[in-house]
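Working notes, structure below.
Proteins come first, then strands; the chains are lettered A, B, ... in the order of their sequence lines, and each starts at number 1.
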Amino acid sequence: MEPFEGVDYMNFDSLLTEEERMIRDTAREWVSRRVAPIIEEHHRNATFPDELIPEMAELGFLGASIEGYGCPGLGGVAYGLIMQELERGDSGLRSFASVQGGLVMYPIFSYGSEEQKDRWLPPMGEGKAIGCFGLTEPDFGSHAEGMITRAEDKGDHYLLNGAKMWITNGCVADVAVVWAKIDGRVMGFLVEKGTPGYSTRRQKHKFSLRASVTSELILQDVKIPKENLLPGTENINMKGPLSCLTQARYGIAWGAIGAGMACYDAALKYGADRIQFGRPLNSFQLYQRKLAEMITEITKGQLLNLQVGRLKEAGKMHPSHVSMAKRNGCYWGLEIAREARDMLGANGITDEYVVGRHMCNLESVKTYEGTHDIHTMIIGQRVTGLSAFAN
Amino acid sequence: MQITVCVAVTPSTETKVKVAPDGKSLDVAEVKFELNPYDEFALEEALRLREARGEGQVEVLTVGDGSQKEEIRKCLARGADSAAILKADTSAADSAAIAGALAARIGAGASQVVFFGKQAVDGDNSQVPAHVAVALDWPLVGKVSKLAFDGDSFTAQREIEGGVEIIEGRLPAVFSAEKGLNEPRYPSLKGIMAAKKKPLEEVEVQLEAARVTCLSLGLPPARPEGRIVGEGAAVAAEVVRLLKEEAKVI
Ligand SMILES: Cc1cc2nc3c(=O)[nH]c(=O)nc-3n(C[C@H](O)[C@H](O)[C@H](O)COP(=O)(O)OP(=O)(O)OC[C@H]3O[C@@H](n4cnc5c(N)ncnc54)[C@H](O)[C@@H]3O)c2cc1C
């Protein structure tokens, strides 16, 4: 296979610093060399490529935007570019990095005690400890605030009861950030693997995000020490989990465009070689219209992500900015993947080509971390001042 | 221990070669430049030597017009301690001229070991390491596929036609790296961030006049279309005859 040279229609690279380009190139090369050759097999077998965790850690991809604790402390754009390249490889890989960095290290960093930070951040950055984020429940997805999971203050410990579902990395995690209610207020707790009453069950038979572990978390009279509450989450209710989601969604916006790039690249290369009616597919107007649409949306997506990234770096990013980028990236990433699937004809339905895998993956990515429509309503609320969510 | 790695920034091996209108140079308009792939092994070997010794400095050198900065910065990101671009107009330079500038710099410093890639993938001349070794009056081991150091002495292995050659010697010395000498590392994010703060010098140098001149650069002739002689075992004899008498390859 020819190497991936990037998708840059409008000299996007000129908007990046030398350092950002270098970081992106490192991620790009690593994905091409290390991920691309093995990912199909993992997807087929529904396994996560554990063998890549130490390499991702060594390169600094885990908790890349965390400052201190042995982490690189990258700016928003550099971080986004890594997510873009990881998801160009596979959404499962990017999900792993998003959960580890955005959903577990971030809340520990932002809301944790010094002891919690010292204990967890360095080994998580080194890939020696894995984390998961338990917010969604069987009966509460988009409406996460309705969660049933409860924590009771028992004086010298907390007692947790409830269940979480669709939890990325659940079974393999050494520590779970579990969101639970005390007197109607949502707070974050660290639940360690092996704690009595805490068990996990792998969710099988997915046709999407197969190279990623998805699990149920079951909490039955789980006693956790008092110091496992994330103290910063005590008085901010849903702001706690939502602030984590903002971090991870930001990376998804970039990642989904990365998956779109992989599909565009595959369709363009396929259309150059595939001859029908005596001509390469790329020479037909209808085929070109599809390529034109794809490259236009990729370019718009890149520029949108970049602007959100620059706002993030300037400390001016609003969650509704991220909603727009997440919604747009997933929508177009998925549309591009679907179009590319069509453009590869029958070959598009085999796993010899990347497009079918990306297409299936992006269905999850469109749904998790706020579905397309949930982000529509966040944008709608921002522009109208009216909430369309409920009541 | 001072270790020097001499690198070239060359057109990506994916380049679709176009000859410039002058008929003797590459049209670089759409060419992506990157570190010469063999030099990655050279740099990696230097970093490993420094790490094995637990001390030392790795300096990266290149001769160029200054446009090599980004690729040189990547060498710093991988772990080199410092770098220098010996700045000159290289458009008409030959291998000896480039080597002259490198040797002058190395000779004036305290370097004990110099690593090169076995060749630069643009000119494919493999001359610069030899010129530098001669200018320094140091031994050269070319196309090294395995290398071990013990104090001041080294054992190098080279793949030769149908066998392996083992060579012993003492430092100072020049080595050129064969593909597979090691597995080059990626620049880590921390390495990339640290690279900004590492010294990258630009030094104007005067190159000797070239003693050889490139007269023309051309693409290989397009391959003539194949011919189908027939199908099945019956045509084997005819194919053999054609290979013998027409193509003269057997
Ligand atoms: C592979 C995978 C990994 C995941 N990983 C994690 C994880 O690590 N941690 C975690 O906590 N969760 C995780 N999730 C869960 C994910 O975040 C939820 O699936 C998501 O929030 C949607 O919730 P739901 O599936 O319950 O759908 P629902 O909320 O039931 O939504 C179903 C449909 O109804 C629409 N809808 C909902 N409310 C409204 C409304 N008010 N108005 C209009 N339409 C509405 C939605 O847009 C959607 O189309 C993961 C999911 C998947 C598929």
Contact winner vs chain A - B:Gly191, B:Ala77, B:Pro187, B:Ala195, heavy-atom pairs under 4.5 Å: B:Pro187
Answer with yes or no after comparing the ring centroid distance for B:Phe116 and B:Phe175 against a 6.0 Å cut-off, counting only values under it. no
Expected output: side-chain A:Glu87 to main-chain A:Leu93 donor-acceptor under 3.5 Å: no
Take a 6.0 Å sphere around CD of A:Glu352 and say whether it holds more than 12 heavy atoms from other residues, nucleotides or ligands. no
For A:Tyr69, is the NZ or CZ atom of A:Lys117 found under 6.0 angstrom from the centre of its six-membered ring and inside 45 degrees of the ring axis? no
Kindly confirm or rule out a cation-pi arrangement of A:Arg28 over A:Phe4, judged by NZ or CZ under 6.0 Å from the six-membered ring centre and within 45° of its axis? no
For chain B, the option from A:Glu5, A:Arg21, A:Glu55 that forms the most heavy-atom pairs under 4.5 Å: A:Arg21
Out of B:Met193, B:Lys74, B:Glu70, which one racks up the most heavy-atom pairs below 4.5 Å with chain A? B:Glu70
Looking at A:Arg33, A:Glu19, A:Glu58, which has the largest count of heavy-atom pairs under 4.5 Å with chain B? A:Glu19
Check whether B:Arg73 gets within reach of chain A through its side chain, its backbone, both or neither, counting any heavy atom under 4.5 Å. both
